[in-house]
Amino acid sequence: MLRSHTNGTLRSQDDNQQVSLCGWIHRLRDLGGLILADLRDHSGLVQLNLTDFGSKDPKRLKQMRRESVVRVSGRVSKRPTESINPQLPSGEVEIAVTAVEIFNEVQDLPFIFDAQVQTKEALKLKYRYLDLRSPQLQTNLRKRAKVCSEMRKLFEAEGFCEVNTPILYKPTPEGARDFLVPSRHYPGTAYALPQSPQILKQLLMIAGMERYYQITNCFRDEDLRSDRQPEFGQLDLEASFITQAWLHDLAQKICRNIWNSSSISLKPLCYSDAMNWFGSDKPDLRFALPAIDITTSCSKALSAAPPFADILSTKTHKISATFASDKIMNFSRKNLDDLITHMQNNHEHKTFYFKVAQKTLSGGIAKWITPELLENMENLCLEVHKQLQQADLATSSPSMLNHKTDFSHGVWFVSAVTQHHHMPDTVSRLRSYLGDNETKTQLKKPGEYAFLWLHSFPLFTWDDDTQQLSATHHPFTLPAIEHQELFFALHNDNANNNATAILSEAFDVVCNGYEIGGGSLRIYKADMQQHMFSILGLSPQQIQKQFGFLIEALRYGAPPHGGMAFGLDRIMMLLLETNNIRDVIAFPKTTQGNCLMSGAPQKLQDEDLKDLHLKHSQPI
RNA sequence: GGGGGAGUAGUUAAGUUGGUUAUAACGCCGGCCUGUCACGCCGGAGGCCGCGGGUUCGAGUCCCGUCUCUCCCGCCA
């Protein structure tokens, strides 16, 4: 060992000990007759007293610049009482340094990475290894490792076996664009990097593994965001002979373990309720603020109101309302204008408001709201809140409404759309706007997490672009047990009017408005899987070519099975309360998919292309 | 594919209706300083104002193009 102790762990009990320490010079303070420095390693800081050393060897002292990496030898000594630093765990002692070895001097640093100043993202990414020295990123990476290690313990205890599935695999037609790796041996062919190990883990169930898990990276070649990287961590699992209820309990154990809280419960909420109440399949249930459907009750009352004339003239219109009481937020005229502007960025949607104070209506569309309509809206709203209470959702939130008197002060928001099956997403946007203004609204308490088990998703979604049914979850999802007859009654001829009414055995785990995981029971019979592909518009030839091996495998004794996957990056973002995915990944890429540190992706040389049987489509 | 924001010293920023030598803080270099811990004080060096074009007597500033970063929409089960 090059060192005898770690820096941050030295205490007054170590007084007089002879020590060798390694680390980086964190700061150096030359007071003239007294020279002090902080030495940093993973355990923390300790103060070096370099006064004697510096007078003997001023040349080497000069080399001990900030961030040089050194070994020092010396003796632990208690600091004078008046110089104890209570802020520092090792603040009662310092090291009287007698010898210094400089492993590496340091050039002028490209940025001041331990200062409060916010350095530009691009520069930090270029020197990521320096940025990673910051305490915050160190903590984040260590916390991520801790979560993974706890997960491994949990899965081992539950009888799961970790199996590595290949990174070089096969392009899949579902979902996102694949990253492709051209093959050298077979001209014109390519591997794809997996978007998830979905089929492979199902094959492991057919192989009799019974319980598989893997902590692995998955790849999607789509445009990036502050919470999205081209490769991302997944906590993936699959199990045989299980039910959805079993998966719910396992998911709950996983969340309790990660958040280290035994009181966490994944509260069940079905998809249609989520959409009707919150206009979203991943609502943030730290607060209530549900919408009510007033389409039928308000049409007559509002038919004379000019703002609604256009929308009410369409047959498919939908009108919803949400009440935000003064208990949550006292809206100024400016707040309201900001909010309406924020929500109005889609032409098919319109949102209006009116204020209530002491039974008097004012502002916005107040003059078209009749007393009967208002009464009706209050009753509908109370009814929904009652249902939320019964489902144990958002019950501790100050936004819950229990009595008529709760409506005496506040703002009603009325959203109208020309066409929608469920609540308009204006409802969802209104909720997230109010939620995000927590300094004003105080809807969210710090450190609070609201978990949901979203279930009963529709099996299919109608895709207007392709004029076809697509799988809501993925094409391996088992139709809801009670809807399997309906499923087999579907034809592959586009005349499936009631296909979207068929529910599935898919579910999502939602936390604070983020989808952190999802899964399903899977189809385990060949004929059902084949039928599914044909309903989705695949020809028998396509099915055979792309999924023939899976369908064949299902004929050799496939057990009933199901599983799920958790997004590791999202979970870490929630745990560490950051909204940028770069904070939870060691070497992230930019939003254009570049690695500024290494310069990846890199231009290919002609000989590389030749090996891969590729040509540039245009000169580069 | 579309929209918003940003790019000035090593770093973070300021820069007025276009007008002398482009400011400051931190960092760096030199000097002073015996109890600091974001040490302090004095002095100094350091600039293709992202890149290319245009308007103008004159452009960091106005216009066009382009590159990069960033945030959002589309997209991502």
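In what follows, chains are A, B, ... by sequence order, proteins preceding strands, each numbered from 1.
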What distance, rounded to whole Å, do you find between the two C1' atoms, one in B:rU8 and one in B:rC75?
-> 36 Å
Which part of the nucleic acid, if any, lies within reach of A:N580 when heavy atoms closer than 4.0 Å are counted: base, sugar-phosphate only, or nothing?
-> sugar-phosphate
Ignoring backbone atoms, establish whether A:T591 has a side-chain N or O less than 4.0 Å from OP1 or OP2 of B:rU70.
-> yes
Would you mind telling me which of B:rC75, B:rG27, B:rU70 lies closest to the side-chain atoms of A:R66?
-> B:rG27
Would you mind checking if A:R128 and A:D131 are paired as a salt bridge, meaning a charged N to carboxylate O distance below 4.0 Å?
-> yes
Test side chain to side chain donor-acceptor pair (under 3.5 Å), reference A:H561, set A:R522, A:Q202, A:K201, output is A:Q202
How far, in whole Å, is B:rG54 from B:rG47 if one measures between their C1' atoms?
-> 24 Å
Do side-chain atoms of A:E222 reach the backbone of A:P230 as a donor and acceptor pair under 3.5 angstrom?
-> no
Look at the side-chain N and O atoms of A:R27 and state whether any lies under 4.0 Å from the OP1 or OP2 oxygen of B:rC39.
-> yes
Within the pair A:K589 and B:rU70, is there a side-chain N or O less than 4.0 Å away from OP1 or OP2?
-> no
Does the side chain of A:R29 get closer than 4.0 angstrom to OP1 or OP2 of B:rA38 through an N or O atom?
-> no
Would you tell me if any nitrogen or oxygen in the side chain of A:T590 comes within less than 4.0 Å of OP1 or OP2 on B:rC69?
-> yes
Indicate whether OP1 or OP2 belonging to B:rU34 is found under 4.0 Å from a side-chain N or O atom of A:T51.
-> no
List in chain and number order the residues that pass side-chain contact (heavy atoms from CB on, under 4.5 Å) with A:N580, two or more places apart in sequence or in another chain; answer none if no residue qualifies.
-> A:S226, A:T578, A:R582, A:D583
Nucleotide forming a Watson-Crick or wobble pair with B:rG18, both distances under 3.5 Å = none
Of the listed B:rG10, B:rG74, B:rC71, the closest approach to the A:R225 side chain comes from B:rG74
Sticking with atom C1', work out how far B:rG58 lies from B:rA22, rounded to a whole angstrom.
-> 16 Å
Tell me what A:L123 touches on the nucleic acid: a base, only sugar-phosphate, or nothing, going by heavy atoms under 4.0 Å.
-> sugar-phosphate
A:A122 side chain, from C-beta outward: closest of B:rG30, B:rU34, B:rC69 | B:rC69
Classify the nucleic acid contact of A:P80 as base, sugar-phosphate or nothing, counting any heavy atom under 4.0 Å across all strands shown.
-> base
Base, sugar-phosphate, or nothing: which does A:Q47 touch, judged by heavy atoms less than 4.0 Å apart?
-> base
Would you tell me if any nitrogen or oxygen in the side chain of A:N49 comes within less than 4.0 Å of OP1 or OP2 on B:rG35?
-> no
Just wondering, more than 12 heavy atoms not from A:K124 lying within 6.0 Å of its NZ?
-> yes
If you measure from the P atom in B:rC39 to the same atom in B:rG44, how many Å do you get, rounded?
-> 23 Å
Reckon A:R582 has a side-chain N or O less than 4.0 Å from the OP1 or OP2 of B:rC71?
-> yes
To the side chain of A:E222, which of B:rC28, B:rU11, B:rC75 is closest?
-> B:rC75
Of the nucleotides B:rU36, B:rG30, B:rC75, which has the atom closest to the A:K62 side chain?
-> B:rG30
Phosphate OP1/OP2 of B:rU70: any A:K120 side-chain N/O under 4.0 Å = no
How far does the P atom of B:rC69 sit from the matching atom of B:rC28, given to the nearest Å?
-> 30 Å
Tell me whether the OP1 or OP2 atom of B:rU34 has a side-chain N or O from A:R79 closer than 4.0 Å.
-> no
Does the ring center of A:Y169 lie less than 6.0 Å from the ring center of A:Y191?
-> no
Base, sugar-phosphate, or nothing: which does A:K124 touch, judged by heavy atoms less than 4.0 Å apart?
-> nothing
Tell me what A:D108 touches on the nucleic acid: a base, only sugar-phosphate, or nothing, going by heavy atoms under 4.0 Å.
-> sugar-phosphate
In whole Å, what separates the C1' atom of B:rG18 from that of B:rU61?
-> 6 Å
Pair partner, B:rG10 [Watson-Crick or wobble, under 3.5 Å] = B:rC26
Using a cut-off of 4.0 Å on non-hydrogen atoms, how would the nucleic acid contact of A:I35 be classed: base, sugar-phosphate, or nothing?
-> nothing
Provide the Watson-Crick or G-U wobble partner of B:rC76, both distances under 3.5 Å; none if there is no partner.
-> none
Over 12 non-hydrogen atoms of neighbours within 6.0 angstrom of CH2 in A:W453 | yes
When all nucleic acid strands are considered with a 4.0 Å heavy-atom cut-off, which category describes A:E94: base, sugar-phosphate, or nothing?
-> base
Atom P, compared across B:rG43 and B:rA38: separation rounded to whole Å = 25 Å
